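Below is one structure; the comments refer to it alone.
The structure displayed is predicted, hence computed values, not measured ones.
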Amino acid sequence: MPPKKKTAPKRKAPSESPSDNEDAPKSQSASKKAKVSNEASESTVAANGQPNNKVLPVNINFPPRIEGTVRLSTWNICSLASASKKGFRYYVEAEDPDILVLSETKVNEVPVNPAITSRFPHCTWAISAKKSYSGTAVLSKHKPLSVHTTLPGHPDPNDVKGRIVTMEFPGCYIIGTYVTNAGQGLKTLKEKNIWNEHFSAYIRDLDKKKPVIWMGDINVAPTAIDLANPKTNWNKTPGYTKDETEAFLNILNPPESASGAGKFVDVWRQRHPEDKHYTYFSYRFNCRTKGIGWRLDMFVVSERILEKVKMCEIRSEIYGASDHVPVVMEIDSSILTGS
């Protein structure tokens with residue numbers, strides 16, 4: 001969060017920041033609450049219509065996938081080690097995605113986890129240069145043609161490590177990200193702008209070759225409807241600044257200067273144009289109970305494959321193993337296989 005003014009008599013709880021969780025320690029009491037528990041069945045609904053349970057449900061059931069589709073899921077797990085103690089596997093078993101992107105894994109080496117490798121034989125873990133920080137993984141049931149964990153053109157490889165995984169499949173590219181954060185007090189907004197400059201060029205270049213599915217923690221609330229308190233956060237809080245929102249919107253609808261660049265679509269927002277639903281709820285200030293959140297995790301696809309998307313939903317009840325909830329999308333399997 002931005003530093004508080006000395007004259008401010010009270011904390012502004014609604015202005016909770018989606019800054020990197022490594023820089024935003026949770027209280028011990030909040031951590032203890034985030035466990036699988038029967039209390040989850042007592043959850044109510046916040047004003048925006050999303051559940052406000054603080055613990056992961058014991059029994060998780062989702063509708064079967066639509067015939068002829070692959071199911072993709074993305075989830076910022078706020079540490080694999082921590083989430084594994086709070087019901088991570090129950091969600092994965094219930095969702096059973098074909099491809100799962102994990103953000104903020106905080107792993108320091110490739111995990112030895114038979115429960116993961118038996119389900120996903122093709123796993124790539126991008127590990128940060130900084131210990132117990134960042135981290136992105138793409139776990140797949142389908143064998144990719146190639147895998148990369150770099151961002152071409154970026155001047156500092158250490159800023160990229162742990163932030164991106166690209167898998168190439170016969171019919172498309174899948175990019176999983178944990179996008180650089182602008183930092184408390186916007187102290188690293190310059191670094192975020194550098195990331196956005198090179199990522200925009202990268203995704204446009206890939207799109208010229210094959211359709212792209214970009215999924216993960218994108219670390220931006222694109223418009224005012226994507227966070228609970230836009231006025232108090234605008235140009236003050238990481239994830240909701242002019243630089244960040246314009247960079248994202250310029251990927252969706254490239255400016256004239258980006259000659260030949262294709263358009264992209266924020267899938268969940270396209271399907272839910274007015275819903276004020278969020279994917280991140282800070283453990284602080286009782287934000288989950290109050291329904292105060294940010295929509296930071298999403299699927300962005302090349303516009304030309306939008307009609308192949310059959311479903312995209314926020315798994316709003318899957319809260320407690322992390323301060324984020326997963327997002328899932330089903331798309332015609334031909335997009336992956338190229339057939």
Side-chain angles (χ1 to χ4, degrees), residues 1 10-18 21 24-64 73-79 82-95 103-104 217 221 223-233 237 239-240 268-269 271-298 311-329:
M1 291 180 63
K10 298 180 180 179
R11 292 186 300 177
K12 294 183 179 181
S15 297
E16 97 295 353
S17 166
N21 288 298
K26 298 1 177 242
S27 67
Q28 184 178 10
S29 59
S31 177
K32 287 183 177 179
K33 290 179 181 178
K35 296 180 180 179
V36 179
S37 167
N38 286 320
E39 295 173 18
S41 61
E42 300 176 6
S43 66
T44 56
V45 176
N48 69 346
Q50 284 185 285
N52 58 7
N53 56 298
K54 289 186 176 181
V55 292
L56 206 69
V58 173
N59 299 310
I60 304 174
N61 293 289
F62 300 120
S73 175
T74 182
W75 193 11
N76 178 319
I77 54 172
C78 190
S79 167
S82 176
S84 295
K85 299 174 183 177
K86 302 172 186 178
F88 166 79
R89 70 180 181 89
Y90 299 123
Y91 165 73
V92 177
E93 290 171 357
E95 192 74 84
S103 305
E104 201 175 356
D217 183 342
T223 66
I225 199 174
D226 294 307
L227 69 162
N229 295 289
K231 290 184 179 180
T232 56
N233 286 288
T237 307
Y240 192 54
W268 187 88
R269 175 54 68 206
R271 287 173 164 255
H272 305 82
E274 298 181 0
D275 288 350
K276 296 181 179 181
H277 289 183
Y278 313 119
T279 65
Y280 163 80
F281 302 85
S282 173
Y283 286 144
R284 296 177 289 182
F285 311 127
N286 210 22
C287 288
R288 174 66 173 179
T289 300
K290 297 174 182 177
I292 299 172
W294 296 61
R295 190 176 69 92
L296 303 175
D297 309 83
M298 57 193 81
M311 178 272 277
C312 186
E313 298 294 343
I314 296 172
R315 297 300 197 198
S316 298
E317 70 275 27
I318 306 301
Y319 186 84
S322 166
D323 50 9
H324 290 244
V325 298
V327 187
V328 62
M329 183 180 81

**Report entry** Pairwise side-chain contact, V45 with N52, heavy-atom cut-off 4.5 Å (strictly under)
**Finding:** no

Query raised in the report: Run the side chain to side chain contact (heavy atoms under 4.5 Å, CB included) check on N286 and K54 step by step: do they pass?
Result: CA-CA 10 Å; N286 210 22; K54 289 186 176 181; 2.7 Å; yes

Report summary line: Applying salt bridge (charged side-chain N to carboxylate O under 4.0 Å, His left out) to D226 and not counting sequence neighbours gives R269, R295

Requested in this report: Report the residues that fulfil side-chain hydrogen bond (donor to acceptor under 3.5 Å, both in side chains) with S84, sequence neighbours left out, ordered by chain and then residue number.
Outcome: none

Query raised in the report: When the ring planes of H277 and W268 are compared, do they come out parallel, tilted or perpendicular, using 30° and 60° as the limits?
Result: tilted

Query raised in the report: Which pair of non-hydrogen atoms, one from S73 and one from P326, has the smallest distance, and what is that distance?
Result: OG-CB, 4.2 Å

Report task. Report yes if the side chains of N53 and R288 come closer than 4.5 Å at any heavy-atom pair, otherwise no. Result -> yes

Query raised in the report: How would you list, by chain and number, every residue that makes a side chain to side chain contact (heavy atoms under 4.5 Å, CB included) with A47, sequence neighbours excluded?
Result: none

Query raised in the report: Given the rule in the side chain to side chain contact (heavy atoms under 4.5 Å, CB included) test, do M329 and T74 qualify, once you have shown the distances and angles that lead to the verdict?
Result: CA-CA 9 Å; M329 183 180 81; T74 182; over 6 Å; no

Query raised in the report: How would you list, by chain and number, every residue that makes a side-chain hydrogen bond (donor to acceptor under 3.5 Å, both in side chains) with S103, sequence neighbours excluded?
Result: none

Report task. Would you indicate whether the side-chain heavy atoms of F88 and I77 approach each other to under 4.5 Å? Result -> yes

Query - Heavy-atom side-chain proximity of C78 to N76 below 4.5 angstrom - result: yes

Requested in this report: With rounding to the nearest 0.5 Å, note down the distance linking OG in S82 to CD in E104.
Outcome: 10.0 Å

Query - Close side-chain approach of I292 to F285, heavy-atom, < 4.5 Å - result: no

Show which side-chain atoms of residues 314-321 pair as donor or acceptor with protein atoms under 3.5 Å away, not counting sequence neighbours.
unit_1	atom_1	unit_2	atom_2	d
R315	NE	E95	OE1	2.9
R315	NH2	E95	OE2	2.8
S316	OG	Q50	NE2	2.9
Y319	OH	F281	O	2.8

Query raised in the report: Would you call the rings of F62 and Y91 parallel, tilted or perpendicular if under 30° counts as parallel and over 60° as perpendicular?
Result: perpendicular

Requested in this report: Could you tell me the separation between the NE2 atom of H272 and the SG atom of C312, rounded to the nearest 0.5 Å?
Outcome: 7.5 Å

Query raised in the report: side chain to side chain contact (heavy atoms under 4.5 Å, CB included) with R89: which residues, sequence neighbours excluded?
Result: E93

Query raised in the report: Which atom pair, heavy atoms only, marks the closest approach of E274 to I225?
Result: O-CD1, 3.3 Å

Query raised in the report: Tell me, do L296 and H324 make a side-chain contact under 4.5 Å, heavy atoms counted?
Result: yes

Query - Where G291 and N48 come nearest, the two heavy atoms and their spacing - result: O-ND2, 4.4 Å

**Report entry** pair N229-W294: side-chain heavy atoms closer than 4.5 Å
**Finding:** no

Query - Steps toward side chain to side chain contact (heavy atoms under 4.5 Å, CB included) verdict (Y278, D297) - result: CA-CA 9 Å; Y278 313 119; D297 309 83; over 6 Å; no

